[in-house]
Number of protein chains: 2
Amino acid sequence: MLQQKLATIEDVAAMAGVSIATVSRAINEPTKVADATRRKVTDAIARTGYTTNAMARSLRMRRSNMILILAPDVGDPNFSNILVGLETEASKRGYGLLIGNTQNDPSRETDYLRFISSNQADGLILFTGHLPFGLGQSPADARLPPMVAVNEPVLGEDIPFVGVDNFEGARVAAEHLISQGHRRIAFVGRAPNREINRLREDGYRAALGGAGINIDPRLIIDGDGTTESGRAAAELMFVRDALPTAFLCVNDATAMGVIIALNARRYDLPRQFSVMGFDDISFASFITPSLTTMKQPRHRMGEAAMELLLTLLAGEKPGSREVLLRAELILRNSVTRPPG
Amino acid sequence: MLQQKLATIEDVAAMAGVSIATVSRAINEPTKVADATRRKVTDAIARTGYTTNAMARSLRMRRSNMILILAPDVGDPNFSNILVGLETEASKRGYGLLIGNTQNDPSRETDYLRFISSNQADGLILFTGHLPFGLGQSPADARLPPMVAVNEPVLGEDIPFVGVDNFEGARVAAEHLISQGHRRIAFVGRAPNREINRLREDGYRAALGGAGINIDPRLIIDGDGTTESGRAAAELMFVRDALPTAFLCVNDATAMGVIIALNARRYDLPRQFSVMGFDDISFASFITPSLTTMKQPRHRMGEAAMELLLTLLAGEKPGSREVLLRAELILRNSVTRPPG
DNA sequence: ACGAACCGTGTAAAGGTTTACAGTGTTCGA
DNA sequence: TCGAACACTGTAAACCTTTACACGGTTCGT
């Protein structure tokens, strides 16, 4: 009763009294096989509990129906929702997801490429913002595997990209602050060498420029996007004694740092200071005051990225090699009119 | 210069002037091949850029060196760190991780089993707390694939388990509150049919019992572990007009809900109420007041679970089929002595 | 000096699919 | 009635490894 070995296509063929070719066709191109035969086959499949051996199939077909996800940090609150989107689309199309957490370690990036070179994965989704170390440096492998970058673009490599329009989103955010009456607006999280940060800063500058506001350079503070950097940045402002009425932060984590610092100094938020984030991570609504921010359509980003990759994989020309989605303004309690 | 097709073992063999068997041995059992030959082979490998085709290898070896991770929600803040632990151990041993996000949808659970039955994954890590739907119901597949449950045990199935000692952890937490002088301690997040919740509640009861404290049943409130359920629970206490001096919450998310509710009612925390969580998720330190909680050794849980699974996979007898790690008390600012 | 043990290598089978090609039988038009 | 077109089905090759087995050559103990 209990089958020791898994049933193979041959067992099914024997039971149905046909050749293995016919079984294969009955499964993969049902129209090409006579009704009666097909019934016999499906019957035999049910009786044997047969499932196609994916390894043999991949070997023959030269593709694995697997996608490798390369992410610097799977714990990033931005990551998981995108992953769910990726996964929704992937499993809809019969693909599986292989996860590679690199922690920004070049050797791990390289290591994970073995999945590509060994045919265990057909394509690549990049969260890292750069090509995996070991890919594309030598001219030998000018042939890059099919891949798409998500969330963070890869600079100077013409890699298809799906993400949010950071420039536009930051501009909308800054304009919201301006519309509330703020004129002295800080930007926390400057990092010119990180594309996302740079774009958001540009959006901020564009909004202030558009409103005819001169930017006090002391209100622009470096940061690496961590909560701690936000906290430190806020403290720095007090040291410099150049205070804004509102903080536009490069992301929610940074904004939480700013809020923590201001709370610690016993300011009454948002009455005395407005704070705005970007991303709308899940905890943004839990901090006090709950965070006004720009929401990234993460699920859709994941879906769009996977969709793009799969069309690339199918050898078709994609509609566009860059998909920019709009961030949505989420109004909560951390922004109000400036004091006075 | 650019190889159209990937090099196979045959190309390497030809270039090195040996048979493919020797190449295979030079790679997999280097000691079994003469030094001079081995050098010729490694040389040829380098020149051709050969990598073993994992599909052919898996087909032949009947294992894929892949592990399927079945999780209800990859966005769970508890999840990612465990995943990193799993991944650390897995890639150390040459295994890859396949991710299956089930959203507690039985059909998705079943669907993901195709990776097991098609030989694409050798083993299973279960975050779900139950067998995937479709496994183990019919007596036919009495042969379960190698698997281990992590974080949440599978009830009544004798599945190897790695997790935290929830009973002991909750007891330590409750004892901490008692040591601060609390006598009226609420338990938020009762859910008798969820093993984790049940154990934590038991630990709470044990601590209070041990201290000779009678438990007011009105201080035990149901909850599903979400932030919203914590908020609702706190509100319910006010309605019931049965207030504790401290809230022991089944997890951090619930605790954050309680804190949000108390903050909203303008209580001064922790002076008027103490709140304790369990898990130490990353945001626990960011809420105000920062959360005193029990830290789960998530990274180690992941490593231990993968280690256990891999020994199972190797056919060896594991040291123990259940690994219970200790949760660590993390002192922050949400707990103090009761008022008065 | 002879057999045993051993070392290094090659031959060939096996692992389970997909699919080009060939073959058989039926239908249909002229 | 005959050939062509057609609808199904089968044969066998190909995908790329690993490994049992066989084989030839050395070493070594007696």
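Naming: A, B, ... by sequence-line order, numbering from 1 per chain.
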Please report the distance, rounded to the nearest Å, between CD in Glu10(A) and P in dG15(C). 9 Å
Which whole-number value in Å describes the distance from Arg63(B) CZ to dT17(D) P? 16 Å
Any Leu86(A) side-chain heavy atom under 4.5 Å of Ile67(A) side chain: no
Is there a donor in the side chain of Arg62(A) and an acceptor in the side chain of Asn119(A), or the other way round, less than 3.5 Å apart? no
Over 12 non-hydrogen atoms of neighbours within 6.0 angstrom of CZ in Arg300(A): no
Among the nucleotides dT19(D), dT9(D), dG10(D), whichever has the atom closest to the side chain of Val33(A) is dT9(D)
Start at the 5' end of DNA chain D and walk down; is the nucleotide closest to Ile20(A) or to Thr37(A) reached first? Thr37(A)
Compute the angle between the rotation axes at the two ends of the helix from dA1(C)-dT30(D) to dA30(C)-dT1(D), each taken over five pairs, rounded to 10 degrees. 40°
Checking side-chain polar atoms at under 3.5 Å, does Thr8(B) have a donor or acceptor matched by the opposite partner on Glu10(B)? no
Arg57(A) side chain N/O closer than 4.0 Å to the phosphate oxygens (OP1, OP2) of dT18(C)? yes
Can you find a side chain N or O atom of Asn28(B) that sits less than 4.0 Å from OP1 or OP2 on dT18(D)? yes
Rounding to a whole Å, what distance do you find between Ile27(A):CD1 and dT19(C):P? 12 Å
Indicate, with a heavy-atom threshold strictly under 4.0 Å, whether Ala34(B) touches base, sugar-phosphate, or nothing. sugar-phosphate
With respect to the phosphate group of dG10(D), does any side-chain polar atom (N or O) of Thr22(A) fall under 4.0 Å of OP1 or OP2? yes
Do Arg25(A) side-chain and dG10(D) base share a donor-acceptor contact under 3.5 Å? yes
Pair Asp43(B) + Lys40(B): basic N to acidic O under 4.0 Å: no
Once hydrogens and angles are ignored, does a donor-acceptor distance under 3.5 Å link the base of dG8(C) to the side chain of Arg38(B)? no
Write down the distance between CE (Met61(B)) and P (dA13(C)), rounded to a whole number of angstrom. 21 Å
Contact between Arg25(A) and Val41(A) at the side-chain level, heavy atoms closer than 4.5 Å - yes or no? no
Note: Tyr50(B) and Ala7(B) closest approach over all heavy atoms is CD1-O, 3.3 Å
From CG of Asn53(A) over to P of dA14(C), roughly how many Å is that when rounded to an integer? 17 Å
Using whole Å, what does the distance between atom C1' of nucleotide dT17(C) and atom CE of Met55(A) come to? 13 Å
Near DNA chain C, under 4.0 Å by heavy atom, which residues of residues 111-119 of chain A? none
Taking for Ala56(A) and for Lys32(B) the nucleotide of DNA chain C with the nearest heavy atom, the one nearer the 5' end belongs to Lys32(B)
Check every atom of dT17(D), dT11(C), dG10(D) against the side chain of Ala21(A) and return the nucleotide holding the closest atom. dG10(D)
What heavy-atom pair brings Leu6(B) and Ser117(A) nearest, and what distance separates the two atoms? CD2-O, 3.5 Å
Can you tell me how far apart CD (Glu152(B)) and CG (Leu126(B)) are? Round to the nearest 0.5 Å. 10.5 Å
Among dT19(D), dG8(C), dA14(D), which nucleotide sits nearest the side chain of Ser24(B)? dT19(D)
Take atom CZ of Arg62(A) and atom P of dA13(D), then tell me their distance rounded to the nearest Å. 18 Å
To the nearest 0.5 Å, what is the distance between OG (Ser80(B)) and CG (Asp76(A))? 9.5 Å
Between dC15(D) (P) and Ile9(B) (CD1): distance, integer Å: 15 Å
